[in-house]
Amino acid sequence: MISYTGIRFAHTEREKRELIDLNRGLIILLLIQVLSLASHIANGLHRSALMTVVFIAGLALIRLLVWKGHVNIAKISSITLINYNTVSMAVFLGEHTHVIDFLLLTALLPLYFFEMKNKRLIFCGVALSIVPFAVYYFLSPYLSTYGVPIAEQLVVNKTTEPVKFFCLVVLLYLIYHKNSRYELEAQEKEEQLIGQKKLYERLLEQIPIDIVTFDKELRYSYINSAAISDPVMRKWMIGKTNQDYFRERGLNINGATERDKILHEALEKGTALQMEESFLDRNGKLCHTLKGASPIYNENKELLCLVGYSLDITSMKEADEQLKEYARELERKNDDLKHFVYATSHDLKSPLRNITSYLQLLARRNAGKLDEDSVSMIGHAINAVKHLNQLIRDIYQYSVADQNDKPTELTNLNTVLEEVIKNAGDTIFKKNAAVQHSTLPKVYVAPAHMNMLLSNLVENALKYNKSPHPQVRVDCLENENEYIVSVADNGIGISERYNKQIFEIFKRLHNASQYEGTGVGLAICNKIVGNYGGKMWVESEPDKGSIFYFSLAKKAVDRKGNADFKMETEVFDEIAKAS
Ligand code: ADP
C-alpha cells in the first residue's frame, strides 16, 4: 500500500517501478532514523535526537514530494538531505569517520534511486551533495567549538554503528535485487525486439517490391530478397554504399551517383520522394521502375534510417501504352466509321433523289399507257426510296447522337417543345390531336439534342395512336439529382415484354404497312439522354396509352460546362435539309 503511494502520476510501467523503488528506499531510511532516534532518546542524547528529528522531518517532506508527483525532485532531494545531515552530524559531533561512512551511502544512493541512463539527474544530485562537503572543510575549524563533548560522541558512535551497518546491508540488497530484475527485463525486451525484427523482416520478404534501408551515411542496413536475391551478396552489402556495390558488380559508377541523388534529396527535404526511371536492361529491353526514398525519424526528430524502394512497373506501363494504343485505334476506327456514314449518306442522297425523279418522270410520261400494276409498282418503288432515305438519315443521326462539337447552352425546354409542336402542326391538325405541357425547366444542353429527343417522342405519341382525339402531355418532375420528363399519350400502348427492346436500334413492333418508321428513333433518344447522365424507360399497357420517361442528371445539365457534350449540328442540319 505504502509502496504504491504517488503511483497515479506514473504513465508507464517503468515509471511505476521507479516510484516503487524510491518509496522503498525512503521507507528504509525512515525506519533507520526512527531506530536512531529511539536509541538517542534512550541514551539521553538530546542534541543528536533533535538532529535526527530534523532529518526525519526532511524525509517526510520528500515523501510529500513523491506523493504530489514530483518524483525527480524527490530523488535529488533525498541524496542532498542525506549529505546535509551527514555534514551537520560531522560538524556537531566533530568526527570525520562519520562523513566517510555517509559518503559511501551517497555514492550508492544514486545507483539505487536512478537509472544509470538518467545522467542529468545523477549529476544534479551529486553536484548538490558536493556543496556541503566543500563547506564542511571550510567551516569545521570555526564550528568545532560547538562540537559535542567526547564522551557523548563515543555513545553516539556506539549506537549509530550497527544502524549504519544495517542500512548499508539493506541498501546493497536493494541495489542487487533491482539490478538483477532490470537485467532480466532487458533480456526479455531484447528477445522481444529480436522477435519483432524477424517478423518485420519476414513481412518485408513477402512484398514483391525491392526494399532497402540505409543508415545516416547512406550505407545499406537492410536489403530484402526482392531487391537482391543472392543471400551472400545481400550479406556482403550490409554496411556498404551504393558506390561499393556498383564497383563490386563492375557497373558504371555514375549509376550509383544517380541512385544516391534521390536519397540525398529526401534527406535534405526530410520528406518522402518518388520518381519514375526508365532504362535499357542487359537484353536491350526498355524497363520502367518507380523509385522512392523516405526518411524515418524517431519522436525526437532524429533520423533512424532511410527507406528506399523500387517497383518494376514495366508491365503496367506496357499495359497502359497498349490501352492508349487501343483507344487511339478505336478513335481512328470511329472516325473512319463516322466518315463512312457521312460519305455514304451524303453520296447516296443524290442517286436516291435521281431514282425518285426518274420514277416520277417515268410515271408522268407514261401516264395512261401503264397498267394499274405498273403504276402501283412505281408507287412502291418511290415509297421504298423514301424509306431508304429516311433510314439513311436516321442512321446518320444515330451515329452522331453522342458526338458533341457545339458547346451546351442554357436552353429553355418549353421553347424547344413549342418548336417541336409547331413542326408537328400538320399531323396534329390532321389527326385532330392536342399536345399540352406543363412548365419545363431551363437546362444547359445542346438545343438540337433536346429538339431531336422531344420530336421523336411527340411524333411517336401521335403516330402510334388510333384515338379520334389523340392526346399528348409533356410534364417534368425533379428530385435532388435529376429532372424527369414524361411524354404521355392515349395511343395503342406497348405490351410489357417489349418495354426494354424498343430502345434498341432497328427494333420495331409493327411493319411499315401498319406504321411507317425505321426503328431508330428511340435508340437515338436513348443515346442522347445517356450523354446527359440520364436514362429512358416506358410505362405502358396495350390500348391504354404509354408514358415515355427520360431523366437528365442535374450534375450534367445544371451548370454551364458541366455537360461536356457537343454535337455536330452543322452536318446534322445539312442532312436534315437534304432529306
Ligand atoms: P420507329 O417509330 O421509327 O419505328 P422508334 O425507335 O421510334 O422507331 O420506336 C420503336 C418502336 O417502339 C416502334 O416501332 C413502336 O412499335 C414502339 N413505339 C414507340 N413509341 C410508341 C408509342 N408512343 N406508343 C406505342 N408504341 C410506340
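In each ligand, atom 1 is the first atom listed, and ligand 1 is the first ligand listed. Side chains included, hydrogens not; waters and symmetry mates left out as well; all remaining heavy atoms used.
- The existence of a salt bridge linking R473 and D475 is confirmed by a sub-4.0 Å separation between a basic side-chain nitrogen and an acidic carboxylate oxygen.
- The single protein non-hydrogen atom nearest to atom 26 (N) of ligand 1 is I494 CG1, 3.4 Å, given as residue, atom name and distance.
- Ionic pairing of E331 and R328 is not present here: no N-O contact between side-chain nitrogen and carboxylate oxygen is shorter than 4.0 angstrom.
- Side-chain N/O atoms of K291 and S310 include a donor and acceptor closer than 3.5 Å.
- Salt-bridge annotation for E325 and R332: present, with a side-chain N of the basic residue lying under 4.0 Å from a carboxylate O of the acidic one.
- The atoms of ligand 1 that sit less than 4.0 Å from any heavy atom of H510 are 16 (O).
- Taking atom 5 (P) of ligand 1 as the reference point, the nearest protein heavy-atom neighbour is L522 N, 3.6 Å.
- In summary, the side chains of Y396 and H346 do not present any donor paired with an acceptor at a separation below 3.5 Å, with no hydrogens or angles considered.
- When the heavy atoms of Y515, Y464, Y398, F503 are ranked by distance to atom 1 (P) of ligand 1, first place goes to Y464.
- For atom 4 (O) of ligand 1, the closest heavy atom belonging to the protein is R508 NE, 2.5 Å.
- With a 4.0 Å heavy-atom cut-off, ligand 1 is reached by the backbone of K507 but not by any atom from C-beta on.
- Using a 4.0 Å cut-off between a side-chain N of Lys or Arg and a carboxylate O of Asp or Glu, K544 and E541 qualify as a salt bridge.
- Heavy-atom separations between G519 and ligand 1 include at least one value shorter than 4.0 Å.
- Only the side chain of D489 comes within contact range of ligand 1, with a heavy atom under 4.0 Å; no backbone atom does.
- In terms of N/O distances under 3.5 Å, ligand 1 is not approached by F548.
- Looking only at atom types and distance, the side chain of D489 has no donor-acceptor partner in the side chain of Y464 under 3.5 Å away.
- For ligand 1, the atoms lying closer than 4.0 Å to a non-hydrogen atom of L509 are 14 (O), 16 (O).
- Residue contacts with ligand 1: E459 is excluded, as none of its non-hydrogen atoms falls under 4.0 Å.
- Among all non-hydrogen protein atoms, the one lying nearest atom 12 (O) of ligand 1 is I502 CG2, 3.4 Å.
- Some N or O of N460 is nearer than 3.5 Å to an N or O of ligand 1, by distance alone.
- With respect to I378, the side chain to side chain contact (heavy atoms under 4.5 Å, CB included) criterion is satisfied by exactly one of N366, L362, D373, N383: L362.
- Comment: K216 does not engage E302 in a salt bridge, judged by the lack of any side-chain N to carboxylate O separation of less than 4.0 angstrom.
- If you number the atoms of ligand 1 from 1 as listed, the ones under 4.0 Å from a heavy atom of G517 come out as 3 (O).
- A salt bridge links E478 with K554: the closest approach of a Lys/Arg side-chain nitrogen to an acidic carboxylate oxygen falls below 4.0 angstrom.
- The closest approach between a heavy atom of N456 and any atom of ligand 1 is not below 4.0 Å.
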